[in-house]
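Report on the following structure.
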Amino acid sequence: MVGVESRLVGGECPYFACVPTKMMVRASDALAEGRRVAELAGSAQVSPDWTPVADRIRDEATTGWDDTAAVQRLEKSGARFVRGFGRISAPGEVSVSTGNGDRVFRTRRAILLNPGTEPVVPPVDGLRDSPYWTNRDAVRAREAPESLLVLGGGPVGVELAQVFSRFGTRVAMVEHEQRLLGPFEPEASELLESVFEAEGIDVRTGERAESVAHDDDSFTVRLGSGAELTAQRLLVATGRRTDLAALGVAAVGLDDRGRTIDVDVRMRAADGVWAIGDVTGRGAFTHTSVYQARIAANDILGQGHENADYRAVPAVTFTDPEVAMTGLTEAAAHDRGLPVVTATTGIPASTRGWIHKAGNQGLIKLVADPRRGVLVGATVVAPGGGEILGALAVAVHGEVPVERLRHMIYAYPTFHRAIEATLAELPASGI
């Protein structure tokens, strides 16, 4: 087996995404809790300092963005590692551009693609010629900027916006869609926007950046409405993409003009080619890639017959409160022709939410198919929302009858007990 990687072994997650950003989130949440002391327990003085965060990311998470240990683990597993950019040059053949010239590998069994993604830079006048940040630059930052303008209101944009805001950065966000976190339930987006506005983040939805200018000290972004925003730093978080043409997928009959590669339930993309991860379009999540990797490896080796099942893919955005979902939103269900019923309850109305008091914003929304009497989707916005989602992901994946869920015992007083209250609000007819 030969592993080919031009960047860092392990991909985006351990070096620039999941791990270091959640260290940033953890630190910013600690600041927020410190500021809530006055409402709950007396008084406290909180003084943010980015240095411990930057040091932890460099020393504990990324070892200075060095993948030596990851390469060694790969090689100890029996694989050969080649540093370079690989592309399919013919059926069963991969050409790799390395620092020492090109190398060609011919496969006996399979080519497995997991190329990851690169940040998308929108065609905004003046942007490409400016020293903008992507998520990778933000993670490497040695200090929090005085001000930050974030282009994009997806998971990356909202997480980093809140993190830096809590460290004293003046933050504005620009999202061309009508709300943040577009694929999530609109109730979740509205709640998060209200939290951001209460924390002093300037949220501009339904706005598009028209031009970017940069001088030695700041960025100036002109919006379609004619308004201008200025900031010390500009973070571009407007999506990610994979260059399929550069991967040479046309050599095996795949369309290289699209954003993703179509795969079957065992990750087969073409004869002798499997694909996993972001490029399959099933969610840009580490957990999806790991799940697909097991299925693909077993299929390649002829050791299993597991088919991929995406009915309950979990997604968590690690803001405060966390925004988590699994299965279908109400709108996605309607798009599929499902005549669903829904129910929503607020976290502050639950016993645990009332006890929690400061920072208790949140909700639970359930989407049910009344014909089958099962949940097909769920959204949780709450402190620890990703953890609460676990029970609902099991319910959606296992198609547990709603009536069975209604008759469970839910621990008191927990946040997840609000699931019981939301189930009680689902229309009873047909369920």
Assess the side chains of E420 and Y412: does a donor N or O sit below 3.5 Å from an acceptor N or O? no
Classify the angle between the aromatic ring planes of Y291 and Y310 as parallel (below 30°), tilted (30 to 60°) or perpendicular (above 60°). perpendicular
For a quick check under 3.5 Å, do T280 and Q292 share a side-chain donor-acceptor pair by atom type? yes
When you measure from the side chain of D264 to the backbone of M267, do you find a donor-acceptor pair of N or O atoms at a distance under 3.5 Å? yes
Please determine, by modelled atom types, if D299 and W274 share a side-chain donor-acceptor pair under 3.5 angstrom. yes
Within the 3.5 Å criterion, strictly below it, is a donor on R179 or S189 matched to an acceptor on the partner's side chain? yes
Under the side-chain contact (heavy atoms from CB on, under 4.5 Å) criterion, do T205 and L180 qualify, and how do the steps go? CA-CA 7 Å; T205 55; L180 303 178; 4.2 Å; yes
Please test L113 against I261 for side-chain contact (heavy atoms from CB on, under 4.5 Å), starting from the C-alpha separation and ending with a verdict. CA-CA 10 Å; L113 299 174; I261 295 175; 3.9 Å; yes
Decide yes or no on side-chain contact (heavy atoms from CB on, under 4.5 Å) for T317 and E159, but give the supporting numbers first. CA-CA 7 Å; T317 299; E159 286 183 6; 3.9 Å; yes
Residues E75, R80: salt bridge by 4.0 Å N-O rule: no
Short side-chain donor-acceptor distance under 3.5 Å, T345 and E425: no
Is there side-chain contact between P145 and W133, with heavy atoms separated by less than 4.5 Å? yes
Donor-acceptor under 3.5 Å (E93 side chain, R106 main chain): no
In a check of salt bridge (Lys or Arg N to Asp or Glu O under 4.0 Å) between R222 and each of E207, E210, E228, which one passes? E228
Stacked cation flag R140 on W65, 6.0 angstrom / 45 deg: yes
Any side chain to side chain donor-acceptor pair (under 3.5 Å) involving residues 239-259? Give me the pairs, sequence neighbours left out, ordered by first then second residue. E12-R240, T117-R240, N135-R240, D255-R257
So, for V150 and G157, which heavy atoms are closest and what is the spacing to 0.1 Å? CG1-CA, 3.8 Å
H356: partners by ring-ring contact (aromatic ring centres under 6.0 Å, His included), with sequence neighbours left out: F415
